[in-house]
Participant: 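Below is one structure. I have some questions about it.
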Amino acid sequence: ESLRSEMQGSNTIFLDEVAREYYLLHEGMSEDERYGFEAQAAIQQLCHERELAAHSRQPEAIVCDRSVLDVVVCLAAMGD
């Protein structure tokens, strides 16, 4: 949030974390469902849509959501 405040008024777009928003909208999911294909595909799709919308505004910079990478890191750490 401090970076967002510092950059206010610049031609920079900040994308909020999609996974957190998705999980808030889909409360009650089991841990398996949260990391399952359907949920992760939906999160990646939503993130991609937001990135495309941000690019269409032709900003100088986009600060992206990294949540789509988290599951890859978690799975690799677990040996999958």
Side-chain angles (χ1 to χ4, degrees):
E1 288 304 315
S2 64
L3 180 60
R4 190 183 300 240
S5 294
E6 286 179 38
M7 302 290 293
Q8 189 173 10
S10 71
N11 192 13
T12 300
I13 297 174
F14 287 82
L15 298 178
D16 294 323
E17 184 181 357
V18 174
R20 181 171 294 156
E21 180 183 333
Y22 180 85
Y23 294 139
L24 286 173
L25 292 172
H26 297 86
E27 289 185 40
M29 294 179 84
S30 71
E31 203 64 21
D32 286 341
E33 289 172 319
R34 289 170 61 98
Y35 293 107
F37 178 81
E38 286 182 30
Q40 292 304 309
I43 291 167
Q44 289 181 11
Q45 179 64 34
L46 185 55
C47 189
H48 187 237
E49 289 168 4
R50 290 188 180 172
E51 289 174 1
L52 289 174
H55 279 282
S56 73
R57 294 169 49 193
Q58 299 181 334
E60 238 177 83
I62 299 172
V63 179
C64 293
D65 171 8
R66 67 166 229 287
S67 65
V68 297
L69 301 175
D70 288 349
V71 73
V72 175
V73 173
C74 289
L75 290 174
M78 293 174 11
D80 284 343

Participant: Taking side chain to side chain contact (heavy atoms under 4.5 Å, CB included) as the definition, give me every residue that meets it alongside Ser56, ordered by chain and number, with sequence neighbours left out.
Facilitator: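 For Ser56, no residue satisfies side chain to side chain contact (heavy atoms under 4.5 Å, CB included) once neighbours in sequence are set aside.
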Participant: Which hydrophobic side chains are connected to Phe37, either touching it within the sub-4.5 Å cutoff or through other members that do?
Facilitator: none
Participant: Under the rule for side chain to side chain contact (heavy atoms under 4.5 Å, CB included), what residues qualify as partners of His48, not counting sequence neighbours?
Facilitator: Leu52
Participant: Only distances under 3.5 Å count here; give the side-chain donor-acceptor pairs of residues 21-29 to other protein atoms, sequence neighbours excluded, each with its distance to 0.1 Å.
Facilitator:
from: Glu21; atom 1: OE1; to: Arg50; atom 2: NH1; distance (Å): 3.0
from: Glu21; atom 1: OE1; to: Arg50; atom 2: NH2; distance (Å): 3.1
from: Glu21; atom 1: OE2; to: Arg50; atom 2: NH2; distance (Å): 2.9
from: Tyr23; atom 1: OH; to: Arg34; atom 2: O; distance (Å): 2.8
from: Tyr23; atom 1: OH; to: Gln40; atom 2: NE2; distance (Å): 3.0
from: His26; atom 1: ND1; to: Tyr22; atom 2: O; distance (Å): 2.8

Participant: Where do Val18 and Ile43 come nearest, in terms of heavy atoms and distance?
Facilitator: CG1-O, 3.8 Å
Participant: Between Pro59 and Ala54, what is the shortest heavy-atom contact and its length?
Facilitator: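 So the minimum-distance heavy-atom pair works out to CD-O, 3.2 Å.
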Participant: Through direct or indirect side-chain contacts below 4.5 angstrom among Ile, Leu, Val, Met, Phe, Trp and Tyr, which residues connect to Leu15?
Facilitator: Ile13, Ile62
Participant: Can you give me the closest heavy-atom contact between Ala39 and Glu33, atom names plus distance?
Facilitator: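 That closest heavy-atom pairing would be CB-O, 3.2 Å.
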Participant: Taking atom CG of Asp16 and atom SG of Cys64, what is their separation to the nearest 0.5 Å?
Facilitator: 12.0 Å
Participant: With sequence neighbours excluded, tell me which residues meet side chain to side chain contact (heavy atoms under 4.5 Å, CB included) with Glu60.
Facilitator: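 Side chain to side chain contact (heavy atoms under 4.5 Å, CB included) list for Glu60, sorted by chain: Asn11.
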